[in-house]
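Before anything else, here's the structure in question.
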Protein chains: 2
Amino acid sequence: MTDRAMQEPTLLLLTALADEPRHGYAIAREVEAISSGRVKLRTGTLYGALERLLQQGLIEVHSEEVVDSRLRRTYTLTSPGRTALAVEAERIAATAREATRRLGAGKAATA
Amino acid sequence: MTDRAMQEPTLLLLTALADEPRHGYAIAREVEAISSGRVKLRTGTLYGALERLLQQGLIEVHSEEVVDSRLRRTYTLTSPGRTALAVEAERIAATAREATRRLGAGKAATA
DNA sequence: CACCATATGTCATTAACCGGCATATGGCGG
DNA sequence: CCGCCATATGCCGGTTAATGACATATGGTG
């Protein structure tokens, strides 16, 4: 199945694109900022994920400009990508709520 | 690295153990219930994850009883397991909040 | 008597992430 | 002037977790 639950790096990548289009390297820095330095996207993960998300239609190339004779490809969320991120965010938020609830409601004072 | 972010099946498994000890099969049913039928833990995932979590010290064997000449091993969260689940829940909740915030704050009305 | 729920387990495959390497430019410090 | 770092994109081998299928065993139900 391809609808295996999204992992943190992918989720953060999409989140980094949620407010405005960004190019690969900028995404990596943004992800690091969002996660307070916790998650540093490796280039292998980054460009691999971009490739995958393009094929899944969750992101698309926003623009390609040449800066200092270097290509800079900018990506943006597609409509389905926006929806997918919203769904995924709600899904994990619900799981987090349930986990927190059970931790509080259960045999909390045991250990 | 072993501190790769927890995936959904693992997270749900720990959540299923958060309120009270359960044995493997009961965990699988509980996970399905928690996720509203969305996630059905395969036995490969289930027992593989239990093995891994035992080694990581996040869960431990609570009791081993023989019911109908069949072994029933019950697992429970350890103190570190409880902490890890709480940390992970807070972490993904924060990511979900940020994703939702950006989706709302960004170029929302574009597409 | 066959099938299903209960219950635990193994194993090959797949997919995502990791870590390292490669390549290229422009700026800054030694 | 030369090396290192930030910027920027990309490939590839290896690890790990989840998947799907198979195996085994019992008790209850149609």
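So that the names make sense, note that chain A is the first sequence line, chain B the second, and so on, each numbered from 1.
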Would you tabulate the nitrogen or oxygen pairs shorter than 3.5 Å linking the protein to nucleotides 25-28 of chain D?
residue : atom : partner : partner atom : Å
D:dT26  : O2   : B:Arg70 : NH2          : 3.4

Nearest listed nucleotide, side chain of B:Ala49, among D:dG10, C:dT8, D:dA18 |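 The listed nucleotide nearest to B:Ala49's side chain is D:dA18.
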
Options D:dA17, D:dG10, C:dC18, nucleotide nearest the side-chain atoms of A:Pro9 =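 From the listed options, C:dC18 comes nearest.
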
side-chain contact (heavy atoms from CB on, under 4.5 Å) filter on B:Val87, not counting sequence neighbours, yields B:Thr83, B:Arg91

Separation of atom CZ in B:Arg72 from atom C1' in C:dA5, rounded to whole Å |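 Going from B:Arg72 (CZ) to C:dA5 (C1'), I get 12 Å.
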
Closest nucleotide among C:dA5, D:dG10, C:dA16 to the A:Tyr75 side chain = D:dG10

d(CE, A:Met6; P, D:dA18) in whole Å = 16 Å

Round to the nearest Å and state the distance from B:Gln7 atom CD to D:dT16 atom P.
-> 13 Å

Shortest non-hydrogen pair, A:Ala89 vs B:Ala99, comes out as CB-CB, 4.2 Å

Excluding sequence neighbours, so at least two apart, what forms side-chain contact (heavy atoms from CB on, under 4.5 Å) with B:Ala84?
->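 Applying side-chain contact (heavy atoms from CB on, under 4.5 Å) to B:Ala84 gives B:Leu58.
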
Residues at least two apart in sequence or cross-chain that pass salt bridge (charged side-chain N to carboxylate O under 4.0 Å, His left out) with A:Glu8, listed by chain then number, are A:Arg38

In whole angstroms, how far is the P atom of D:dA8 from the CZ atom of A:Arg22?
-> 13 Å

Nearest-Å distance, OH (B:Tyr47) to C1' (D:dA17)?
->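 One finds 18 Å between C1' of D:dA17 and OH of B:Tyr47, rounded.
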
In whole angstroms, how far is the P atom of C:dT8 from the CG atom of B:Leu41?
->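 B:Leu41 atom CG is separated from C:dT8 atom P by 13 Å.
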
Does the pair A:Leu85 and A:Leu17 meet the rule for a side chain to side chain contact (heavy atoms under 4.5 Å, CB included), with working shown?
-> CA-CA 10 Å; A:Leu85 179 57; A:Leu17 288 178; over 6 Å; no

If you look at every strand shown and take non-hydrogen atoms under 4.0 Å, does A:Leu71 touch a base, only sugar-phosphate, or nothing?
->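 Touches sugar-phosphate only.
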
Does B:Arg4 have a side-chain nitrogen or oxygen under 4.0 Å from the phosphate oxygens OP1 or OP2 of D:dT15?
->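 No.
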
To the nearest Å, give me how far apart CG (A:Leu50) and C1' (D:dC11) are.
->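 Distance, rounded to whole Å: 14 Å.
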
Kindly say if A:Arg29 contacts the phosphate of D:dT7, meaning a side-chain N or O under 4.0 Å from OP1 or OP2.
->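 Checking D:dT7 against A:Arg29, a side-chain N or O does come within under 4.0 Å of OP1 or OP2.
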
Hey, is the side chain of B:Arg42 poking within less than 4.0 Å of OP1 or OP2 on D:dA17, counting only N and O atoms?
-> no

Distance check: side-chain N/O of B:Tyr25 vs OP1/OP2 of C:dT6, anything under 4.0 Å?
->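 So the side-chain polar atoms of B:Tyr25 do come within 4.0 Å of the phosphate oxygens OP1 or OP2 of C:dT6, strictly under.
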
Any side-chain N or O of B:Arg52 less than 4.0 Å from the OP1 or OP2 oxygen of D:dT16?
-> no

Residues 29-36 of chain B, side-chain donor-acceptor partners within the protein, below 3.5 Å, at least two apart:
residue : atom : partner  : partner atom : Å
B:Glu30 : OE2  : A:Arg102 : NH1          : 3.2
B:Glu30 : OE2  : A:Arg102 : NH2          : 2.7
B:Glu32 : OE2  : B:Lys40  : NZ           : 3.2
B:Ser35 : OG   : B:Val31  : O            : 2.9
B:Ser35 : OG   : B:Glu32  : O            : 3.4
B:Ser35 : OG   : B:Val39  : N            : 3.0

Nearest-Å distance, CG (A:Leu46) to C1' (C:dC18)?
->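 Going from CG in A:Leu46 over to C1' in C:dC18 covers 13 Å.
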
Across the strands shown, which category fits A:Gly24 at heavy-atom distances under 4.0 angstrom: base, sugar-phosphate, nothing?
-> sugar-phosphate

Who pairs with A:Thr76 by side-chain contact (heavy atoms from CB on, under 4.5 Å), at least two apart in sequence or on another chain?
-> A:Pro21, A:Glu60, A:His62

Can A:Val61 be reached from A:Tyr25 by stepping across I, L, V, M, F, W or Y side chains whose heavy atoms are under 4.5 Å apart?
-> no

Is the phosphate of C:dA7, meaning OP1 or OP2, less than 4.0 Å from a side-chain N or O of B:Thr43?
-> no

